[in-house]
Amino acid sequence: KAALKFFSDLNVILYYSVLPNVVFTNPQSFLNIVTEIIERIVYNKDIKDPLFSRARNEGMISIKLIELLKLDFPQAFKPTMFEAKELITLLLHLGVVSECNSEYFMPSLLKGLDTQGIEASLSLHPNTVAPCAVYYEKRWLECGAFGFLITSLLSSDRWTLVLDGVRPECAYSNCIKMYFESMLVTLVDYASHIEIHVHGDIDDCQELCHDIKQSVFDAFKVKPQFGLVCPCGRSEKHVAKYTSATLKSFLFKKSFKNIFLEELQSCS
């Protein structure tokens with residue numbers, strides 16, 4: 001096992017401890033399998049099975065759906081060694097999916113929401129505090145970072161999807177509503193940064209809000225920076241300039257115009 005891990009670290013093979021009896025001798029072939037599965041779910045509109053519609057529209061997949069894919073894509077599986085259950089186990093381990101009741105939530109299957117739709121969704125639950133921005137100072141967020149963040153958060157008992165029955169109420173590849181315990185939170189991916197909108201009465205939930213920020217921070221392998229979203233409205237959304245002292249308490253302030261005074265002047 002030590003040798004398998006060594007060669008896996010070098011990307012010569014792929015080996016994961018969650019599947020101790022499976023070794024991918026061609027790493028690219030596994031990536032191709034996952035890509036092919038996503039494409040067959042998202043782009044094959046000829047399949048009318050409701051399981052495929054649910055996957056495309058709501059990001060929910062199941063063992064039964066993967067079994068149906070096996071019939072159409074048998075070369076991706078190896079009987080008794082790598083079948084639907086093993087694929088799901090590996091996707092869970094890699095943070096591609098997260099468990100949701102008896103199904104699995106896969107954000108990469110979801111369609112995106114345009115800016116107007118995002119603003120309309122946010123307006124349903126007005127913020128009482130400044131939105132928080134998660135960003136990397138010297139580069140844009142990596143492709144797939146938002147989806148990984150969502151599955152990472154959902155792996156915690158404190159985060160859940162906002163469901164309307166069994167259907168996610170607001171689930172898009174760039175905008176998702178979730179509960180952090182009892183607090184409603186909307187996460188939005190703007191490519192240059194991710195916004196965290198905390199909805200509700202923050203006066204009674206200061207510790208909870210701090211936990212939200214820490215929970216998001218812990219979900220990233222490469223630690224990001226946090227800022228506040230500038231409300232100047234004179235350009236595309238961007239991170240405001242502020243002092244480190246402000247950062248420590250930004251989630252607890254209902255009135256935050258003074259925080260942005262310097263940024264507003266520089267934008268005017």
Side-chain angles (χ1 to χ4, degrees), residues 1-44 46-47 49-110 141-157 159-161 166 168 171 173 176 215 218-223:
K1 289 185 177 180
L4 290 172
K5 186 177 185 308
F6 173 77
F7 286 111
S8 185
D9 290 342
L10 294 176
N11 293 325
V12 177
I13 62 172
L14 286 181
Y15 171 75
Y16 301 98
S17 58
V18 292
L19 295 178
N21 299 319
V22 178
V23 177
F24 296 94
T25 55
N26 184 347
Q28 187 59 48
S29 67
F30 171 69
L31 297 176
N32 291 343
I33 288 171
V34 176
T35 302
E36 182 77 12
I37 287 173
I38 292 174
E39 289 179 347
R40 286 171 184 264
I41 292 174
V42 174
Y43 298 113
N44 193 346
D46 294 332
I47 301 178
D49 191 289
L51 290 176
F52 282 82
S53 298
R54 181 158 166 76
R56 282 192 292 265
N57 298 326
E58 302 167 27
M60 292 293 185
I61 66 173
S62 61
I63 295 288
K64 187 175 180 181
L65 174 66
I66 302 300
E67 293 287 354
L68 291 175
L69 282 170
K70 278 177 59 178
L71 301 175
D72 190 44
F73 190 33
Q75 63 270 33
F77 303 90
K78 300 294 181 185
T80 73
M81 289 186 63
F82 189 72
E83 301 196 67
K85 184 178 178 181
E86 285 73 24
L87 175 61
I88 290 293
T89 297
L90 195 49
L91 294 179
L92 281 167
H93 176 72
L94 295 174
V96 179
V97 303
S98 57
E99 196 164 358
C100 185
N101 298 325
S102 59
E103 297 179 293
Y104 303 90
F105 183 57
M106 193 172 185
S108 56
L109 294 177
L110 297 167
L141 295 168
E142 293 181 357
C143 180
F146 186 69
F148 179 80
L149 169 63
I150 298 305
T151 57
S152 220
L153 295 177
L154 288 173
S155 67
S156 163
D157 292 337
W159 288 87
T160 55
L161 284 173
V166 296
S173 61
I176 292 182
S215 181
D218 291 342
F220 284 89
K221 289 183 177 179
V222 179
K223 298 308 179 187

Novice: Donor-acceptor check, side chain of Glu58 to backbone of Ala55, threshold 3.5 angstrom: yes or no?
Specialist: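 Judged by distance alone, no pair lies under 3.5 Å.
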
Novice: When rounded to the nearest 0.5 angstrom, what distance separates CD1 in Ile88 from OG in Ser62?
Specialist: 8.0 Å

Novice: Applying side chain to side chain contact (heavy atoms under 4.5 Å, CB included) to Met60 and Tyr104, what does each step give before you reach the verdict?
Specialist: CA-CA 6 Å; Met60 292 293 185; Tyr104 303 90; over 6 Å; no

Novice: Applying ring-ring contact (aromatic ring centres under 6.0 Å, His included), can you list everything that pairs with Phe24, at least two apart in sequence or on another chain?
Specialist: Phe30, Phe82

Novice: Could you state the interatomic distance from CZ (Arg54) to CG (Leu65), rounded to the nearest 0.5 Å?
Specialist: 11.0 Å

Novice: Which heavy-atom pair separates Glu83 from Glu86 by the least distance, and what is that distance?
Specialist: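 Closest pair (atom of Glu83, atom of Glu86, distance): N-OE1, 2.9 Å.
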
Novice: So, applying side chain to side chain contact (heavy atoms under 4.5 Å, CB included) with Met106, which one of Thr151, Val96, Ile150 is it?
Specialist: Val96

Novice: With no hydrogens and no angle check, is any side-chain donor or acceptor of Ser8 less than 3.5 Å from a backbone partner on Leu4?
Specialist: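 Answer holds: no.
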
Novice: Name all residues meeting the side-chain hydrogen bond (donor to acceptor under 3.5 Å, both in side chains) criterion together with Ser215; count only those two or more places apart in sequence or in a different chain, and write none if there are none.
Specialist: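 Counting only residues at least two positions away or on another chain, Ser215 forms a side-chain hydrogen bond (donor to acceptor under 3.5 Å, both in side chains) with Trp159.
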
Novice: To check you understand the geometry: which heavy-atom pair defines the closest contact between Leu87 and Ile66, and what is its length?
Specialist: CD2-CG2, 4.0 Å

Novice: Do Val97 and Phe105 have side chains that approach each other closer than 4.5 Å (heavy atoms only, starting at C-beta)?
Specialist: no

Novice: Rounded to the nearest 0.5 Å, how far apart are CG of Leu91 and OG of Ser98?
Specialist: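 Result: 11.0 Å between the selected atoms.
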
Novice: Could you tell me the separation between the OG1 atom of Thr89 and the CG atom of Leu19, rounded to the nearest 0.5 Å?
Specialist: 6.0 Å

Novice: Check whether any side-chain heavy atom of Arg56 sits under 4.5 Å from a side-chain heavy atom of Ile41, and report yes or no.
Specialist: yes

Novice: Could you give me the CA-CA distance, side-chain angles and deciding distance for Glu103 and Ile61, then say whether side chain to side chain contact (heavy atoms under 4.5 Å, CB included) is met?
Specialist: CA-CA 6 Å; Glu103 297 179 293; Ile61 66 173; over 6 Å; no

Novice: Which atom pair, heavy atoms only, marks the closest approach of Leu153 to Ala219?
Specialist: CD2-CB, 4.2 Å

Novice: Residues in side-chain contact (heavy atoms from CB on, under 4.5 Å) with Asp49, at least two apart?
Specialist: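 side-chain contact (heavy atoms from CB on, under 4.5 Å) list for Asp49, sorted by chain: Ile47, Leu51, Phe52, Leu68.
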
Novice: Please report the C-alpha distance between Lys5 and Ile13 in whole Å, then the side-chain angles of each, then the deciding distance to 0.1 Å, and finally whether the side chain to side chain contact (heavy atoms under 4.5 Å, CB included) criterion is met.
Specialist: CA-CA 9 Å; Lys5 186 177 185 308; Ile13 62 172; over 6 Å; no

Novice: Which pair of heavy atoms, one from Ala171 and one from Ile176, lies closest together, and at what distance?
Specialist: CA-CG1, 4.1 Å

Novice: Please test Val34 against Leu90 for side chain to side chain contact (heavy atoms under 4.5 Å, CB included), starting from the C-alpha separation and ending with a verdict.
Specialist: CA-CA 11 Å; Val34 176; Leu90 195 49; over 6 Å; no

Novice: I'd like to know whether NZ of Lys1 has more than 12 heavy-atom contacts from other residues, nucleotides or ligands below 6.0 angstrom.
Specialist: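 No, because the 6.0 Å sphere around NZ of Lys1 holds 12 heavy atoms or fewer from other groups.
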
Novice: Should we count CG of Asp9 as having more than 12 external heavy atoms under 6.0 Å?
Specialist: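 Yes, enclosed.
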
Novice: Output all residues satisfying ring-ring contact (aromatic ring centres under 6.0 Å, His included) with Phe7, sequence neighbours left out; order by chain, then residue number.
Specialist: none

Novice: With sequence neighbours left out, write down each residue that passes side-chain contact (heavy atoms from CB on, under 4.5 Å) with Ser173, or none if nothing qualifies.
Specialist: Leu110

Novice: Output all residues satisfying side-chain hydrogen bond (donor to acceptor under 3.5 Å, both in side chains) with Gln28, sequence neighbours left out; order by chain, then residue number.
Specialist: Asn32

Novice: Do Pro20 and Tyr15 have side chains that approach each other closer than 4.5 Å (heavy atoms only, starting at C-beta)?
Specialist: yes

